[in-house]
Amino acid sequence: MATLLKHSAKYALSGRLARLGVHSRHGGLQCLQPRLLPHQRSASTSSKILVEMDDSTGIAVLTMKNPPVNSLSLDFLTEFSISLEKLELDRGCRGVILTSALPKIFSAGLDIMEMYGKSPEHCGEFWKAVQEMWLRLYGSSMITIAAINGSSPAGGCLMALACDYRIMAENPKYSIGLNETQLGIVAPFWFKDTLVNTVGNRAAELSLQLGLLYSAPDALRTGLVDLLVPEDKVLSTASQTMTQWLAIPGENAIGSNPRVSSS
Ligand SMILES: CC/C=C\C/C=C\CCCC/C=C/C(=O)SCCNC(=O)CCNC(=O)[C@H](O)C(C)(C)COP(=O)(O)OP(=O)(O)OC[C@H]1O[C@@H](n2cnc3c(N)ncnc32)[C@H](O)[C@@H]1OP(=O)(O)O
């Protein structure tokens with residue numbers, strides 16, 4: 001925690017700027033245009049989340065757009081959970097692709113400023129929002145695919161892990177992992193369990209104890225991600241993969257998800 005707090009001063013200004021939406025160092029604000037295709041029929045956008053729903057396929061693309069690094073602030077998490085809940089309630093929506101509008105970053109994880117110098121009430125609310133995000137994603141009855149088009153440390157990695165399938169850009173500069181140990185904190189047990197369920201016990205032990213951040217090829221080798229593709233193919237591959245999953249007869253790809261089905 002000490003190390004985490006030490007980093008906080010560095011992150012203070014950016015956090016405030018991000019909330020004001022004025023940070024453009026990563027080109028974030030210029031690349032937030034909806035990518036509606038002709039056959040798509042609906043798009044909804046809040047300040048930090050864009051949802052594009054293709055009614056003909058039942059596939060929604062949920063794009064995170066919280067510059068500069070898609071940090072998981074209370075505002076962001078609230079919008080994220082509301083967006084996911086709306087999709088969950090939409091009977092036409094069968095699959096969600098989660099991706100980032102920002103170049104180079106999927107998500108930087110929890111917004112450090114939300115944990116620094118805040119009241120216990122605020123911390124409680126923030127922590128509840130983090131858990132809500134995870135519960136909604138991990139327990140979703142839709143197929144969820146993370147299209148990881150940038151780095152994704154800590155809470156950003158948790159988000160990807162909470163999806164059914166992970167496709168990552170094969171860019172050697174991107175990294176992903178639960179690196180909390182390196183920040184001087186211990187990953188909560190539900191972060192740990194989500195990792196164990198994905199990569200198995202031994203890999204999770206090493207990963208958590210050493211706080212490893214994996215390059216894209218190492219993430220694939222460890223099983224942290226399922227597929228690497230060229231950067232410009234991440235979204236289209238996610239879309240093709242989703243179509244394959246949704247074609248599994250009787251919607252069994254959804255029904256046999258051990259996280260949401262007891263049978
Ligand atoms: C209330 C809770 C109660 C109890 C719980 C307590 C503890 C439990 C913790 C649980 C587990 C924690 C999980 C987490 O997710 S902690 C957050 C971990 N994330 C990180 O450490 C990421 C740090 N960031 C980076 O590694 C890099 O920034 C990144 C994402 C690789 C991008 O690199 P780069 O492109 O070079 O960009 P910069 O580093 O220059 O950053 C740009 C800009 O963004 C600001 N920033 C980065 N990360 C965060 C963040 N997580 N939160 C807020 N702001 C962030 C950074 O300060 C820069 O701002 P600047 O103004 O300098 O431009």
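Atoms within a ligand are numbered from 1 in the order they appear, just like the ligands themselves.
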Atoms in ligand 1 with a heavy atom of [X] nearer than 4.0 Å:
X    : answer
V69  : 42 (C), 44 (O), 46 (N), 47 (C), 48 (N), 49 (C), 55 (C)
P68  : 43 (C), 44 (O)
A154 : 13 (C), 14 (C), 15 (O), 18 (C)
G109 : 15 (O)
E180 : 11 (C), 12 (C), 13 (C)

When only distance counts, is [X] in polar contact with ligand 1, meaning an N/O pair under 3.5 Å?
X    : answer
A108 : yes
G155 : yes
I105 : no

Tell me which pairs pass salt bridge (Lys or Arg N to Asp or Glu O under 4.0 Å) where either residue lies in residues 207-219, with sequence neighbours left out. D218-R221

Residue part near ligand 1, for [X], under 4.0 Å between non-hydrogen atoms:
X    : result
C123 : both
L183 : side chain
D111 : both
L110 : both

Do NZ/NE/NH1/NH2 and the carboxylate oxygens of E125 and K128 come within less than 4.0 Å? no

Ignoring hydrogens, what is the shortest heavy-atom contact between D90 and M53? Give both atom names and the distance. OD2-CE, 4.4 Å

Give the minimum heavy-atom separation between P153 and N179, together with the two atoms involved. CB-OD1, 3.8 Å

Mind telling me whether W190 and W134 have parallel, tilted or perpendicular rings, with 30° and 60° as the class edges? tilted

Just by distance, with hydrogens left out, do S56 and D54 show a side-chain donor and acceptor under 3.5 Å apart? yes

Would you please name every residue forming a salt bridge (charged side-chain N to carboxylate O under 4.0 Å, His left out) with R136, sequence neighbours left out? E85, E132

Taken to the nearest 0.5 Å, the spacing of L77 CG from K48 NZ works out to 10.5 Å

